[in-house]
Amino acid sequence: SGDSLTPAYQDGDFVLVLKVPFFLSSLKPGDTIVFRHSAYGTMIKKVDHVSFALDEIFVVGTHELSVDSRQFGPIRKKDLIGRVIWHVKKPNR
């Protein structure tokens, strides 16, 4: 839920998330991921860039008021839930 990735993702949409570690190690800018954040809970964002040396992932939302790495910094790979591999839009949208 939320407006973080609007207009592409809307409240009520569904995503299929792949948790296979091999696919998570090949993250690239533009990928959509789901992760846990200690202050914000479960979040969905786009990968901005990945620092493999530090094991950090910088994420951004597409909505102008999105809370993302610009506010809370990078996330760690250990906090990843998975990569979005399928997006189903809410019926009647």
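Residue numbers start at 1 and run along the sequence shown.
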Enquirer: Between Asp68 and Gly61, is there a donor-acceptor pair closer than 3.5 Å when you use the side chain of the first and the backbone of the second?
Expert: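 Yes, because the side chain of Asp68 sits within donor-acceptor range (under 3.5 Å) of the backbone of Gly61.
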
Enquirer: Please report the shortest heavy-atom distance between Lys90 and Asp11, naming the atom on each side.
Expert: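 In terms of heavy atoms, the two residues are closest at CD-O, 3.5 Å.
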
Enquirer: Test your reading of the model: is there a side-chain donor-acceptor pair from Thr62 to the backbone of Thr6, 3.5 Å cut-off?
Expert: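 Yes; judged by distance alone, with no hydrogens or angles, the pair exists.
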
Enquirer: For Phe58, is there any backbone N or O sitting under 3.5 Å from a side-chain donor or acceptor partner on Ser69?
Expert: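 Looks like no, no N/O pair under 3.5 Å.
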
Enquirer: Which heavy atom of His87 sits nearest a heavy atom of Ala8, and at what distance?
Expert: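 Closest approach of His87 to Ala8, heavy atoms only: CE1-O, 3.0 Å.
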
Enquirer: Looking at every heavy atom in both Asp3 and His63, which two are closest together, and how far apart are they?
Expert: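 Nearest heavy atoms, Asp3 then His63: O-CB, 2.9 Å.
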
Enquirer: Lys28 and Asp31: salt bridge (charged side-chain N to carboxylate O under 4.0 Å, His left out), yes or no, with the steps?
Expert: CA-CA 6 Å; Lys28 61 188 179 309; Asp31 286 344; 3.2 Å; yes

Enquirer: Output, in order, the C-alpha distance, side-chain angles, deciding distance and verdict of side chain to side chain contact (heavy atoms under 4.5 Å, CB included) for Leu80 and Val34.
Expert: CA-CA 6 Å; Leu80 279 174; Val34 178; over 6 Å; no

Enquirer: Is there a side-chain hydrogen bond (donor to acceptor under 3.5 Å, both in side chains) between Thr32 and Lys45 once you walk through the steps?
Expert: CA-CA 6 Å; Thr32 303; Lys45 302 287 181 189; over 6 Å; no

Enquirer: Ignoring hydrogens and geometry, is there a side-chain-to-backbone donor-acceptor pair from Arg83 to Ser26 under 3.5 Å?
Expert: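 Pair found, side chain donor or acceptor close to backbone of Ser26.
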
Enquirer: Check Val59 against Phe35 and note the closest heavy-atom contact, atom names and distance.
Expert: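 Of all heavy-atom pairs spanning Val59 and Phe35, the closest is CG2-CZ, 3.9 Å.
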
Enquirer: Please tabulate, one pair per line, all N/O donor-acceptor pairs under 3.5 Å involving side-chain atoms of residues 37-44, not counting sequence neighbours.
Expert:
residue : atom : partner : partner atom : Å
His37   : ND1  : Ala39   : N            : 3.0
His37   : ND1  : Tyr40   : N            : 3.4

Enquirer: Step by step, would you call Leu18 with Trp86 a side chain to side chain contact (heavy atoms under 4.5 Å, CB included)?
Expert: CA-CA 9 Å; Leu18 185 63; Trp86 192 30; over 6 Å; no

